Amino acid sequence: MRREGAVSRLVRATREGRLLQVIGNRIKRRPVANHVRWHGAADQGDAVQALTTWGREMVRDKPGTILLVGSDDGVRRLVMRELSKSGVALAVLSEDELAHYDADTPVAGVLCTAVDVLGQARIAGLINAHPQLAFLRFEYVYGLDPAQRRFAQWDEYAETFFVSPVLLQDPNPYSIYAESLHHFEQKCGLRDFLDLFQMLTELVRREVPGDIAEFGSYKGHSGWLIARSLQALGSDKQLWMFDMFEAFPDEQWGVDQFWSSTHAVDFGDVRDKLAAFPNVRLVKGDFTQTLRDSAVQSLALAYIDCDSYRATRYLLDTLPDDYIEPGGLMICEDYGHPALLGNRVAVHEVMDGRKDFARQFSQFSGLYMFTKLTKGTA
Ligand SMILES: C[S@@+](CC[C@H](N)C(=O)[O-])C[C@H]1O[C@@H](n2cnc3c(N)ncnc32)[C@H](O)[C@@H]1O
């Protein structure tokens with residue numbers, strides 16, 4: 001397939017209502033791959049550049065063949081062309097071939113060339129289940145799923161605000177959120193907080209027993225918001241905040257590797273900012289090792305915001321049966337974030353088989369919420 005020209009890309013972006021995004025990307029992005037990682041690809045050109053950059057990094061770090069998996073809507077051929085110019089060894093595999101792949105020569109990593117969300121999740125699942133490939137670097141690009149484009153085109157409420165119950169609520173979450181920004185740079189988004197605040201209100205109103213735990217606290221913004229909300233709601237629930245409070249652990253799974261050692265944190269600073277709340281406990285370290293030894297007995301709410309497949313998978317394997325109270329909640333903050341494919345894979349691997357949790361995805365915030373059903377309703 002011929003590479004799409006600049007003019008035709010702009011025409012297509014105009015038709016799809018993405019012109020400003022494309023122009024913004026052209027001006028802002030540098031380097032492209034980094035921009036695409038966090039903001040998605042605006043067009044096929046972005047996708048090809050990002051995948052090519054990551055492919056070159058893969059062979060630099062670990063010489064070997066790059067596996068290309070996923071349908072070819074043009075991206076694959078262009079990536080192949082670019083990487084071949086640098087003499088990179090490539091092998092194209094179907095999903096079936098991937099599942100049965102026997103790596104008898106060194107493999108540098110896996111590039112997913114499918115642009116649809118479903119295909120990407122399927123391929124990531126196959127990689128995670130593959131004994132030789134699971135821990136190789138895995139890269140994909142989001143933002144080009146045709147279904148999402150269609151959705152955006154038809155969303156008649158895209159520019160509309162709904163009347164929300166939080167507008168009628170006392171205490172008012174907007175003032176709590178504004179207060180938080182005197183102490184923290186914005187990390188927990190307002191939409192996340194508005195959904196989270198409703199869930200906290202509901203747990204307090206229903207008197208669900210158990211503590212609250214946050215898994216992934218970073219500099220403490222969302223933890224502070226939870227603590228302040230509990231205080232405003234008159235609840236004396238204990239809040240546990242679990243984090244390395246240092247930087248991300250070294251991640252070995254291919255879908256997670258890009259997190260390793262990012263998110264540097266000053267632990268003393270977080271401790272100082274949370275010191276005003278006597279019901280808050282910070283637990284420092286990898287929670288896949290610290291949770292069992294902590295004094296947490298049961299949870300009304302687990303707020304899961306740890307980004308990686310490994311950590312999410314551990315929590316979803318552990319919390320539902322051993323910690324969450326009937327009527328209690330697990331909230332997966334990361335699910336809706338397009339860059340966090342590992343989280344989505346873990347959610348489906350574990351939760352799809354469970355009938356004892358009701359689930360609701362918020363199209364407003366991107367949070368995926370799981371409520372443990374009480375006896376008689378399961
Ligand atoms: C996106 S940040 C959390 C942001 C925070 N909830 C907020 O909104 O203010 C993700 C955090 O998860 C932590 N994390 C990820 N995996 C972890 C693990 N296995 N053990 C402890 N902390 C982990 C990282 O160190 C990082 O600080």
Side-chain angles (χ1 to χ4, degrees), residues 165-166 169-171 173 176-177 180 188 192-217 220-243 274 276-283 287-288 290-306 311-312 314-335 343 346-347 350-351 354-362 365-378:
V166 297
Q169 222 165 312
D170 180 23
I176 293 176
Y177 193 76
S180 77
C188 176
D192 279 2
F193 176 58
L194 292 179
D195 271 351
L196 176 59
F197 186 80
Q198 287 189 78
M199 295 302 131
L200 286 168
T201 311
E202 194 52 20
L203 290 172
V204 172
R205 190 184 68 79
R206 287 194 282 122
E207 299 179 353
V208 178
D211 299 338
I212 290 177
E214 174 178 75
F215 297 96
S217 299
H221 188 204
S222 54
W224 187 97
L225 284 164
I226 297 171
R228 180 72 185 86
S229 301
L230 290 172
Q231 188 185 57
L233 291 164
S235 165
D236 60 0
K237 273 194 182 305
Q238 176 94 34
L239 169 63
W240 301 84
M241 292 168 61
F242 287 90
D243 201 293
L274 273 300
F277 301 102
N279 293 347
V280 172
R281 299 270 295 275
L282 308 187
V283 185
F287 53 70
T288 64
T290 57
L291 173 61
R292 290 282 186 199
D293 291 336
S294 73
V296 175
Q297 301 219 312
S298 79
L299 293 171
L301 168 66
Y303 185 65
I304 300 173
D305 187 9
C306 55
T312 310
Y314 169 81
L315 293 173
L316 297 178
D317 281 338
T318 308
L319 299 176
D321 294 318
D322 295 355
Y323 287 95
I324 304 293
E325 290 280 352
L329 280 170
M330 293 191 304
I331 299 181
C332 292
E333 194 278 342
D334 305 313
Y335 185 97
N343 178 282
V347 164
V350 182
M351 298 308 290
R354 299 198 68 124
K355 295 205 168 103
D356 51 344
F357 278 80
R359 55 175 72 190
Q360 192 212 346
F361 176 72
S362 168
S365 63
L367 303 188
Y368 210 159
M369 295 167 262
F370 297 89
T371 309
K372 189 165 184 173
L373 299 171
T374 48
K375 269 208 175 72
T377 54

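Bear in mind the structure is a predicted one, so any value in this text is a computation, not a measurement. In this chain, numbering begins with 1 at the start of the sequence shown.
Closest non-hydrogen pair, Cys306 versus Asp334, comes out as N-OD2, 3.2 Å. For the pair Gly216 and Phe287, the tightest heavy-atom approach, listed with the atom from each and the gap, is N-CE2, 4.2 Å. Among all heavy-atom pairs drawn from Gly220 and Leu274, the shortest one is O-CD2, 4.3 Å. Listed here is the closest heavy atom pair of Pro326 and Val208: O-CG1, 4.0 Å. Residues Met351 and Arg359 approach most closely at O-NH2, 2.7 Å, considering heavy atoms. Between Phe197 and Pro171, the shortest heavy-atom contact is CZ-O, 3.6 Å.
Under a 3.5 Å cut-off, the side chain of Arg206 and the backbone N or O of Gly327 do form a donor-acceptor pair. Side-chain atoms of Asp192 never come within 3.5 Å of backbone atoms of Leu367 as a donor-acceptor pair (strictly under, hydrogens ignored). Distance alone, capped at 3.5 Å, is enough to place a donor-acceptor pair between the Lys237 side chain and the Gly210 backbone.
In this structure the side chain of Thr371 never reaches within 4.5 angstrom of the side chain of Gln360, judged on heavy atoms. Here the side chains of Leu196 and Leu225 are not in contact, with every heavy-atom distance at 4.5 Å or above. Between Arg354 and Pro320 the shortest side-chain heavy-atom distance falls below 4.5 Å. Asp322 is listed as a side-chain neighbour of Arg292, based on a closest heavy-atom distance under 4.5 Å. Counting only heavy atoms from C-beta outward, the side chains of Phe370 and Val347 approach each other to under 4.5 Å. Side chains of Ile304 and Leu316 form a contact here, defined as non-hydrogen atoms less than 4.5 Å apart.
Atom CD1 of Ile176 and atom CG of Leu194 lie 10.5 Å apart (nearest 0.5 Å). Rounding to the nearest 0.5 Å places OG1 of Thr288 at 11.5 Å from CG of Asp317. Expressed to the nearest 0.5 Å, how far CG of Leu239 lies from OG of Ser229 amounts to 10.5 Å. With values rounded to the nearest 0.5 angstrom, Ser235 atom OG is found 14.5 Å from Arg205 atom CZ.
With sequence neighbours excluded, the residues that form a side chain to side chain contact (heavy atoms under 4.5 Å, CB included) with Met199 are Leu329, Ile331, Met369. For Phe242, the ring-ring contact (aromatic ring centres under 6.0 Å, His included) partners are Phe215, not counting sequence neighbours. By the ring-ring contact (aromatic ring centres under 6.0 Å, His included) test, Tyr177 is found to be paired with Phe193, His221, residues two or more places apart in sequence or in another chain being considered. Evaluation of the ring-ring contact (aromatic ring centres under 6.0 Å, His included) rule for Tyr335 yields His348, Phe361, Tyr368 as partners, not counting sequence neighbours. Residues satisfying the side chain to side chain contact (heavy atoms under 4.5 Å, CB included) criterion with Asn279, sequence neighbours excluded, are Asp236.
Among residue pairs with one or both ends in residues 293-306, those qualifying as side chain to side chain donor-acceptor pair (under 3.5 Å) are Ser298-Glu325; sequence neighbours excluded.
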>> One pair to check against side-chain contact (heavy atoms from CB on, under 4.5 Å): Ser222 and Glu214. What are the steps and the verdict?
In response: CA-CA 9 Å; Ser222 54; Glu214 174 178 75; 2.4 Å; yes
